[in-house]
Structure formats: C-alpha cells, structure tokens
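What follows is a set of notes on a single structure, which appears directly below.
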Amino acid sequence: MHIDTTGTYTDSYQIAMGQSLFRDGQHRRRAVFDYFFRKIPFEGGYVVFAGLEDLIDTLESWRFTADDIDFLAGHGFDAAYLDYLRTLRFSGSILAASEGDVVFPTAPILRVEAGVVEAQLIETLLLNTLNFQSLIATKAARIREVAGDAILSEFGLRRAQGPAGVPAARAAVIGGFDSTSNVYAAQRYGLRAEGTMAHSFIQWHGDELAAFRAFAQARPDNTVLLVDTYSTLDSGVPNAIIVGREMAARGHRLRAIRLDSGDLAFFARRARTMLDDAGLHEVKIAASNQLDEYVVRSLRQQGAPIDIFGVGTSLVTGQPDAALDGVYKLACAQGEPRIKVSESLVKTTLPGLKQVHRFLAADGQFHGVDAVALEDEAVPRALTHPFEPHRTMRLPALRSEPLLQPVMAAGRRLHARRSVADIRAHAAQRRALLPPEYRRFENPHAWKVGISDRLHGLRERLRQARLHPETTP
Ligand SMILES: Nc1ncnc2c1ncn2[C@@H]1O[C@H](COP(=O)(O)OP(=O)(O)OP(=O)(O)O)[C@@H](O)[C@H]1O
Ligand SMILES: O=P(O)(O)OC[C@H]1O[C@H](OP(=O)(O)OP(=O)(O)O)[C@H](O)[C@@H]1O
Ligand SMILES: O=C(O)c1cccnc1
C-alpha cells in the first residue's frame, strides 16, 4: 500500500545509523543496495515480483513530517541531524525487474543507488512492500495456474493480518485474480470490486426465498445467491431457481449461485443439473470455503462445474508461508564493491554493480537460466553456481534480456505509472514463457542462477581479503 507518512516507516536502527553517518559527514556518499530473496515460497518454481509501483509512489513522496521530527526529537536525536532529515527526500536511482515478472532466488531484482542515509532509511519500507506483495502475487499465480479460465475473486480482507488485506488484494490481481471483495482496495488501486451475499442476510429474513427475492430486486444486474444457509439441494438451489426464473421473466439474469460448504464438487454437479433442467444454463456456479491452490486443482480434476472461485484466508495470508525472505544488502560504497562474508557462501553477498541477464530458448520460452554479471561486462556464457563454485555451466549462444531497467532517477519515476490491469497482463505473459516444469507444484524444476567469472573472481578476492587479511596483498 502506498504509505503517506513514510520517514518513520522504518526500523529505529536505520535512523540511528543515519545519525552516525551524518555526524561523520558521510551522509551524501553514494551507496548501492541490492534487493533479492533466497527461497521460493510454497515449494514452488518461481516468484511473481510485485509491489514496485507502490514502492515508487511511496518514494516519490517520502519525507519526514514535522510531527515525525518532533517525535524523533523526543528520542534523543541531534538537532542538526533532525534538521537534515526535515528536508531529506529520496533522490536516488532505482533499477528493477518489471513488476509482474517471474523472478528467482539470489539474483538481484532491484538495485538502489542513493546517498547512504537515504538508501538505508528506505530499506524497511522497501522490504515491507516488495516482500509481502510478491508473496501474495505468487500465491495468487499458483491458484490461477490451476483454475483454468474460471473467474477468481479475492475474499480475504476479513481474515488478513490487519490492513495487509489491502495490498494483498492488489497483489492477488497481479497474480491473476479477476476481482476483489475489498472495496477499499478496489477504489484505491482501480480494481474490480465484486461480491455475493452473506448467510446473515438470509438468516435475517428467516425465509430463504424471501431473502433471495429481496436481494434480486435490489441488485438485478449482479445477483449471486448463497444457497447453503439451510440446505443446499433441498432449499437453496430450488429457491434460487424460482428467483432465477422470475428474474428472467423481468428481463434480468441471475448471475450465479454460491456454494460455501460441504462437498463442493458434488453440490456443484447436482446444482448444475438442477439449473440446466430449469433452463438456467447461463447461471454460473461460484464456490468458496477455505480454498487454496490444491483444493481448486482437485475440484477441477473432479470435473466440478464451478465457474467462479472465491478465495480468502489462504491467499491473503500466504499460507503456509508467512513471508518472502527478501533482503537488502549493500553492494558498493562510494563506487567500491563491498561484501558481507559468512561461513557459508549462501549468505555471502554478491559485491559490485550488477546486471541480471535472462536467457531465452530458440522457441522464445525462457531457457531457465539467469546470469548475474558485473554491469560493465558482456553477457556471460560461462557461469558458476553462486554457492557451489565447482559447478560450472557453459551456455549455447542464446538471446538474452537485461532484467534490471531504470525505473527512478533523481528520486522521480521515469515512466508513467502502470495500472494493475497492465501489470496483471504482463505477469501472465511472463508466466506463459515459463516451461511447464517450472510451474508444476510437485518438485518443480530448479531455475538456474549463475554468476559470471568476473563476479565470482571479485567475490573471491573480497572474501579472501576479509577471511585472511594478513595474507592477502
Ligand atoms: N470435492 C471436494 N474435493 C476436495 N476438497 C473439497 C471438496 N469439497 C470441499 N472441499 C474442501 O474441503 C475442506 C473442508 O470441507 P468441509 O466439508 O469439512 O467444510 P464445511 O462444509 O465448511 O464443514 P461445515 O459443514 O462443518 O461448515 C474445505 O477446504 C473445502 O474447500
Ligand atoms: O474461507 P476463505 O477462503 O477465507 O473465504 C472466505 C470465506 O469467508 C466467508 O465466510 P464467513 O463465515 O466469514 O461469512 P459468511 O457468513 O458471509 O459466509 C465466505 O462465505 C467464505 O467462506
Ligand atoms: O462476496 C462474497 O461472497 C464474500 C466476500 C467476502 C468474504 N466472503 C464472501
């Protein structure tokens, strides 16, 4: 979600580090940070990158308000530093993968180049925005993957982790959902708001048929009747058929019925037959109730005639993975490559200014390899595994595209804001370039991310210098 008062939307340590850098006069020195993640959630084969446009919007208006400054003054920060923060704006550059693209562990998805204090202060909000939306867009894409051409509606706000239900709705649409029940998110992001009716409405009327009639009268253009309050097959569907026929006689059409309990395949089949027998072939069947990608897949495999799936909790909470583990790591200080060393190469960072090259197979599909190289080198053909340097690979002559493209310079966006609908379409196009082995749920093919020889050499030099400072020239 685009966040209004943004300076304090950070962790305290960022402000504390900023004060130290400011006192030492280093605050305007240039830093480069990379954003990347280490593990694909849901045991899946890809992540859908989401949240970028929200991040850019937030950074364009990022500032410390007078209230923020007053608040920080009460926490013992220096007056001179606070004066600096008062006028500080994000003035850096950002290169990023396109929002909606499929992305993979280890390779940088986004790079920030800015004064070190700015770059540091925005870390938390950047991670908060991108990690969450990418997690939910990925979950949504998995559901879209198995839903065929069924309509998918996001129903999760009531069970989301508080306000996270709002960006979750945006991310769900990027991942392939068609609409959301969340009116606020729809208004804010230009999404399609849609919904049906709740059990309480039928309980309120007591009489199910009377409830259906009242609802259809009030909303004849988009009537969806919930049929499981009393008995799906004995009263819900028969009453919906009565109302569907009455609507047809008035020149309207009952849009759908919604099943929300029991064996959804069984009820859908029986309801379809009953509706068809009544001549209501156009009336769709919606289903909800603790759906996720596995239940949707199973229902489709069972041939359940369900046209609309409403998915809430599992989608907006990213079940069963609560978070994407994206991180933001310093790659350069004043033009000098920097490294964070660790016992294991897995947690050793990739130093320097880098580009990511994605290879395309002859048929135009993705080849399944991203190469991380230094920005000033040619597209590499020889790659080394980022953590197991004895594993190397030579690529045939393939077309490639640079993933990181400029999206902000001097703190301003470089392109017109893309609508969520555009990002959704782009995301679908990019997923369509993924061969099926990367899209399956069970043991998907592992996309290969390799590093160039020069990058490997640079990391080794910096690593050895840190591990054995006494022996390294
Ligand atoms: N045909 C089906 N195949 C696979 N999963 C299904 C099928 N029908 C329903 N489910 C899923 O099974 C889970 C549990 O359904 P269950 O029937 O126990 O719930 P329920 O009907 O809500 O129960 P209750 O009647 O107590 O409210 C839900 O996640 C639901 O989406
Ligand atoms: O199971 P989810 O994937 O989270 O989907 C959303 C659920 O929320 C609603 O139930 P709820 O009992 O809250 O209200 P209702 O009376 O409108 O059904 C809806 O009927 C779904 O069952
Ligand atoms: O419109 C619906 O049917 C709906 C909306 C939110 C949650 N559950 C259902």
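Computed from a predicted model, the values in this text were never measured in an experiment. Start at 1 and go down the list; that is how both ligands and their atoms are numbered.
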Open item on the list: To check your reading of the model: name the closest protein heavy atom to atom 1 (O) of ligand 3, its residue, and the distance in Å.
Closed with: T196 N, 2.8 Å
Task: Contacting atoms of ligand 1, where contact means under 4.0 angstrom from a heavy atom of S298 - done: 3 (N), 4 (C)
TODO: Provide, to 0.1 Å, the distance between atom 3 (N) of ligand 1 and the closest protein heavy atom, together with that atom's residue and name.
DONE: Q302 NE2, 2.9 Å
Open item on the list: With rounding to the nearest 0.5 angstrom, report the CD1 to CG distance, I109 to D101.
Closed with: 9.5 Å
- [ ] Determine, for E99 against R170, whether the closest basic-nitrogen to carboxylate-oxygen distance falls under 4.0 angstrom.
- [x] yes
Task: Close-contact set for ligand 3 against G195 heavy atoms, below 4.0 Å - done: 1 (O)
Task: Interatomic spacing from CZ in F90 to OG in S61 - rounded to 0.5 Å - done: 12.5 Å
Task: Which of the ligand 1 atoms, numbered from 1, are nearer than 4.0 Å to a heavy atom of Q290 - done: 29 (O), 31 (O)
Open item on the list: Give the atom numbers and elements of ligand 1 that come within less than 4.0 Å of a heavy atom of L291.
Closed with: 31 (O)
Task: Close-contact set for ligand 1 against D263 heavy atoms, below 4.0 Å - done: 1 (N), 2 (C), 8 (N)
TODO: Identify, for atom 9 (C) of ligand 1, the protein heavy atom at the shortest distance, and state residue, atom and that distance.
DONE: G262 O, 3.2 Å
TODO: Specify the protein heavy atom at minimum distance from atom 25 (O) of ligand 1: its residue, its atom name, and the distance to 0.1 Å.
DONE: S261 CB, 4.4 Å
- [ ] Please find out if less than 6.0 Å separates the ring center of F215 from that of F201.
- [x] yes
TODO: For atom 6 (C) of ligand 1, find the nearest protein heavy atom and state the residue, atom name and distance (0.1 Å precision).
DONE: V295 CG1, 4.0 Å
Task: Lys/Arg N to Asp/Glu carboxylate O, R142 vs E145, below 4.0 Å - done: no
Task: Atoms of ligand 2, numbered as shown, that sit under 4.0 Å from any heavy atom of D260 - done: 18 (O), 19 (C), 20 (O), 21 (C), 22 (O)
Task: Closer than 4.0 Å: a protein non-hydrogen atom to atom 22 (O) of ligand 1 - done: yes
Open item on the list: I'd like to check atom 29 (O) of ligand 1 in this structure: does the protein have a heavy atom lying under 4.0 Å from it?
Closed with: yes
TODO: Would you kindly specify which portion of L299 sits under 4.0 Å from ligand 1, judged on non-hydrogen atoms: side chain, backbone, both or neither?
DONE: side chain
Task: Protein heavy-atom partner closest to atom 3 (O) of ligand 2 - residue, atom, separation in Å - done: G312 N, 2.8 Å
Open item on the list: Return the closest protein heavy atom for atom 20 (P) of ligand 1 as residue, atom name and distance.
Closed with: N289 ND2, 3.4 Å
Task: Presence of salt bridge, R213 and E246, under 4.0 angstrom - done: yes
Task: Polar proximity ligand 3 side, R158 side, N/O cut 3.5 Å exclusive - done: no
Open item on the list: Centroid separation under 6.0 Å, is that true for the rings of F441 and Y294?
Closed with: yes
TODO: Answer yes or no for atom 13 (C) of ligand 1: protein heavy atom present at a distance under 4.0 Å?
DONE: no
- [ ] Considering only non-hydrogen protein atoms, determine which one is nearest to atom 8 (O) of ligand 2 and report residue, atom name and distance to 0.1 Å.
- [x] R159 NH1, 3.0 Å
TODO: Take the angle between the ring planes of F387 and H385 and call it parallel below 30°, perpendicular above 60°, tilted in between.
DONE: perpendicular
TODO: Over all heavy atoms of both residues, which pair between S153 and S179 is shortest? Give the atoms and the distance, please.
DONE: OG-OG, 2.9 Å
TODO: Validate the cation-pi geometry between K139 and F42: distance from NZ or CZ to the six-membered ring centre under 6.0 Å, angle to the ring axis within 45°.
DONE: yes
Task: Sub-4.0 Å protein heavy atom next to atom 18 (O) of ligand 1 - done: no
- [ ] If you have a sec, work out which protein heavy atom is nearest atom 1 (O) of ligand 2 and how many Å separate them, to one decimal?
- [x] Q290 N, 2.8 Å
- [ ] Assess R258 for proximity to ligand 2: is some non-hydrogen atom of it under 4.0 Å away?
- [x] yes
TODO: Mind checking the CZ-OH spacing from F64 to Y9? Nearest 0.5 Å is all I need.
DONE: 14.0 Å
TODO: Pull out every atom of ligand 1 sitting under 4.0 Å from any heavy atom of L264, numbered as shown with elements.
DONE: 7 (C), 8 (N), 9 (C), 31 (O)
Task: Shortest protein heavy-atom distance from atom 15 (P) of ligand 2, along with the residue and atom involved - done: H199 ND1, 3.5 Å
Open item on the list: Within the 4.0 Å heavy-atom shell around A265, which atoms of ligand 1 are there?
Closed with: 1 (N)
Task: Nearest candidate to atom 5 (C) of ligand 3, where distance is taken over non-hydrogen atoms, out of S153, G310, S181 - done: S181
Open item on the list: Other residues, nucleotides and ligands only: do more than 12 of their heavy atoms fall within 6.0 Å of CG on D70?
Closed with: yes
Task: Lys/Arg cation over aromatic F177: R144, 6.0 Å, 45° cone - done: no
Task: Centroid separation Y438 to Y46 less than 6.0 Å - done: no
TODO: Could you tell me which non-hydrogen atom of R430 sits nearest to which non-hydrogen atom of G100, and how far apart they are?
DONE: CB-O, 4.5 Å
Open item on the list: Below a 4.0 angstrom heavy-atom separation, can you tell me which part of T313, side chain or backbone, both or neither, approaches ligand 2?
Closed with: both
- [ ] Please write down residue, atom name and distance for the protein heavy atom closest to atom 8 (N) of ligand 3.
- [x] F155 CD1, 3.6 Å
TODO: Run the numbers for me: atoms of ligand 2, each under 4.0 Å from some heavy atom of A198, listed by number.
DONE: 17 (O)
